[in-house]
Amino acid sequence: NAPAAGGAAPAAGDAFGGAGAAGAAGGQNAYMQMMQQMMAGGMGAPGAVGGAGAAAAAIPAEERYKHQLEQLSSMGFTDKDKCIEVLDQCGGNVNRALDKLLGGA
C-alpha cells in the first residue's frame, strides 16, 4: 500500500484506513450495516407487496402529506379531503397536485 498524500500507508489488510485488523473489522462492520440499511429500505420485507410504499400506506394520509397540505392550504386550497385525494394521485408531488387542482392534466 502506498502512503496517502501527507500520511502513512494504511496497515496491511486495512481497506478502510483504520488501525490494523481491528480498524478493518470495524470499518467492514460499518460498511455492512450501511449496505443492509440500504437493502432493507429499498427492498421491503420478503413477500411484501410494494416494499417501502406499503409501509408509507400504513401512515395516515393527513400525517404523510402534512407538509404538502400546509403548502396547499397556504395557497388557498383548504379542502383537505380533495387535496389528499389529489396528492395520492400525484405521489405527494405538490407541483403536479397544483396542476390537477387548477384543472390541468
Side-chain angles (χ1 to χ4, degrees):
N1 291 345
D14 185 0
F16 297 96
Q28 288 172 342
N29 285 340
Y31 178 76
M32 290 300 294
Q33 286 176 342
M34 179 187 71
M35 291 301 293
Q36 287 171 348
Q37 288 173 351
M38 286 174 36
M39 295 298 290
M43 302 292 283
V49 177
I59 300 170
E62 192 168 335
E63 186 178 330
R64 187 170 62 242
Y65 297 131
K66 180 181 179 199
H67 298 291
Q68 292 94 326
L69 289 169
E70 289 171 359
Q71 288 178 308
L72 292 172
S73 177
S74 73
M75 295 178 215
F77 297 97
T78 56
D79 184 346
K80 194 176 287 190
D81 292 332
K82 178 67 176 173
C83 289
I84 288 172
E85 176 186 337
V86 172
L87 284 166
D88 270 338
Q89 294 170 4
C90 298
N93 184 309
V94 174
N95 291 326
R96 288 182 46 213
L98 280 171
D99 284 343
K100 282 187 176 270
L101 290 167
L102 292 170

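All heavy atoms count here, side chains included; hydrogens, waters and symmetry mates do not.
Note: the hydrophobic cluster containing Tyr65 does not contain Ile59 (ILVMFWY, side chain heavy atoms under 4.5 Å, direct or indirect links).
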For residues 80-87, which side-chain N or O atoms pair as donor and acceptor with protein atoms under 3.5 Å away, sequence neighbours left out?
{"residue": "Lys80", "atom": "NZ", "partner": "Glu62", "partner atom": "OE2", "Å": "3.1"}

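Across all non-hydrogen atoms, the minimal contact from Lys100 to Cys90 is CD-SG, 3.6 Å.
Rounding to the nearest 0.5 angstrom, the gap separating the CG atom in Leu69 from the CG atom in Asp79 is 10.5 Å. Atom CD of Glu70 sits about 9.5 Å away from atom CD of Gln68, to the nearest 0.5 Å.
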